[in-house]
Amino acid sequence: MKKILILLGPPGAGKGTVGAHLARQWGIPLISSGDLLRESVRNSTELGQQARQFMVRGQLVPDRLVLGLIGQRLARTDAAGGFILDGFPRTAAQAEALSQLLDEENFRVIYLKASDDFLVERLSNRRVCELCGAIFHLINIPPRQPGVCDSCGGRLIQRDDDQPEVIRNRLAVYHEQTTPLLNYYRQAGRLTEVSGERPLQETLETIQQQCPW
Ligand code: ADP
Ligand code: ZN
């Protein structure tokens, strides 16, 4: 059975951290729209230059840009046996485009749920590796050596959009644009709600129990 998991939930709910663990365990790629976009920005591609202006404000990047990136990524051979999506779909139009691509596949959708206050606290303490993208939390998942990535020795930085004001804006955008997707997948009978406020290990176990593979 092809393993296809869609992780939905607000910024900071743990999609990236949970996704990285499950992807390693299942031997399938974690496909993060945010990472793909940040890579385009870093490489200063045409698409990256257009996307950047939306990202720094915490706004959504226009669907046509995101759909192009995701479509290309899903077409790569490493995604043939399945994949985990993090941060995509984010709008009703993206969900519709994805359902065309997935056709009859038996995918699962996990909604990682957490309160706004919890998320602001967690995102303010988030640090990411400049080189490999590994995610840390100053209190819950601290690096062995302050400011240094455990995996690759890279420098840990705070994302530009992890400042409290931008975080609040990302949460507002999330509630407005992404909440309708929850109903869409709930009605389709695909959705399982899982708390994003529990310790990582517990969250991973709960999700594994929900997946039929
Ligand atoms: P988070 O989920 O923590 O907000 P991401 O890394 O997923 O962080 O996304 C960072 C930014 O990239 C978003 O604020 C948005 O500007 C853009 N982005 C990521 N995924 C999408 C998407 N599917 N559609 C539109 N914009 C996106
Ligand atoms: Zn690293």
Side-chain angles (χ1 to χ4, degrees), residues 6-20 23 28-80 83-102 119-120 122-136 147-149 151-181:
I6 299 175
L7 293 171
L8 291 186
K15 303 184 297 294
T17 304
V18 162
I28 55 177
L30 170 67
I31 300 179
S32 153
S33 50
D35 285 349
L36 290 174
L37 285 165
R38 278 185 291 276
E39 192 187 321
S40 309
V41 171
R42 264 200 312 278
N43 295 337
S44 227
T45 63
E46 171 95 34
L47 187 149
Q49 290 175 24
Q50 292 180 45
R52 190 182 172 281
Q53 45 183 322
F54 299 95
M55 297 172 72
V56 291
R57 297 191 193 103
Q59 293 166 355
L60 290 186
V61 173
D63 287 334
R64 66 184 169 83
L65 298 179
V66 178
L67 285 171
L69 262 186
I70 291 283
Q72 278 176 20
R73 181 63 189 87
L74 291 181
R76 278 171 46 187
T77 48
D78 66 339
F83 48 84
I84 300 176
L85 285 174
D86 160 15
F88 179 93
R90 268 239 209 343
T91 63
Q94 292 179 12
E96 263 151 45
L98 180 65
S99 68
Q100 306 275 315
L101 282 172
L102 293 185
L119 295 166
V120 173
R122 188 188 265 172
L123 288 169
S124 310
N125 283 306
R126 171 159 79 178
R127 296 294 181 274
V128 295
C129 173
E130 186 177 51
L131 292 179
C132 76
I135 304 169
F136 298 86
V148 180
C149 175
S151 315
C152 78
R155 196 166 63 106
L156 299 185
I157 55 166
Q158 185 167 31
R159 268 170 49 176
D160 289 343
D161 59 357
D162 279 347
Q163 312 293 337
E165 259 161 62
V166 185
I167 294 173
R168 291 277 174 201
N169 192 41
R170 281 158 63 207
L171 288 172
V173 169
Y174 167 79
H175 289 304
E176 187 187 315
Q177 307 254 21
T178 312
T179 307
L181 291 189

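Values below: every heavy atom of this structure, side chains too, minus hydrogens, waters and symmetry copies.
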Residues 51-69 vs salt bridge (charged side-chain N to carboxylate O under 4.0 Å, His left out), sequence neighbours excluded, gives none
Separation between OH (Y174) and CD1 (I167), nearest 0.5 Å, reads 15.5 Å
So salt bridge (charged side-chain N to carboxylate O under 4.0 Å, His left out) across residues 83-102, not counting sequence neighbours, yields none
Rounded to the nearest 0.5 Å, the CG atom of L67 sits from the OG1 atom of T91 at a distance of 7.0 Å
CZ of F54 to CG of L37, rounded to nearest 0.5 Å, is 11.0 Å
So CG of L65 and CG of L60: to nearest 0.5 Å the spacing works out to 11.5 Å
Whether K15 side chain and I6 backbone form a donor-acceptor pair below 3.5 Å: no
Sequence neighbours excluded, the answer for side-chain contact (heavy atoms from CB on, under 4.5 Å) partners of S151 is C132, A134, C149
Taken to the nearest 0.5 Å, the spacing of I28 CD1 from I84 CD1 works out to 4.5 Å
Worksheet item: With a 4.5 Å limit on heavy-atom distance, are the side chains of F88 and L98 in contact?
Response: yes
A95 and L181 have their tightest heavy-atom pair at CB-CD2, 3.6 Å
*asked:* Does E46 have more than 12 heavy atoms from other residues, nucleotides or ligands lying within 6.0 Å of its CD?
replied: no
In short, L171 meets P10 closest at the heavy-atom pair CD2-CB, 4.1 Å
Residues passing the side-chain hydrogen bond (donor to acceptor under 3.5 Å, both in side chains) test with R127, sequence neighbours excluded, are none
* Do P29 and R73 come within less than 4.5 Å of each other through their side chains, counting heavy atoms only? -> yes
- Task: Kindly determine whether L7 and L85 satisfy side chain to side chain contact (heavy atoms under 4.5 Å, CB included), including the steps that lead there.
- Result: CA-CA 6 Å; L7 293 171; L85 285 174; over 6 Å; no
side-chain contact (heavy atoms from CB on, under 4.5 Å) filter on S40, not counting sequence neighbours, yields T45, L47, L69
Between S33 and I70 the two heavy atoms that sit nearest each other are CB-CD1, 4.1 Å
On a heavy-atom basis, the closest approach of C152 and L131 is SG-CB, 3.9 Å
Value for CD (Q158) from CG (N125), rounded to nearest 0.5 Å, stands at 8.5 Å
For residues 152-174, the salt bridge (charged side-chain N to carboxylate O under 4.0 Å, His left out) pairs (sequence neighbours left out) are D117-R168, R126-D162, E130-R155, R159-D161, D161-R170, D162-R170
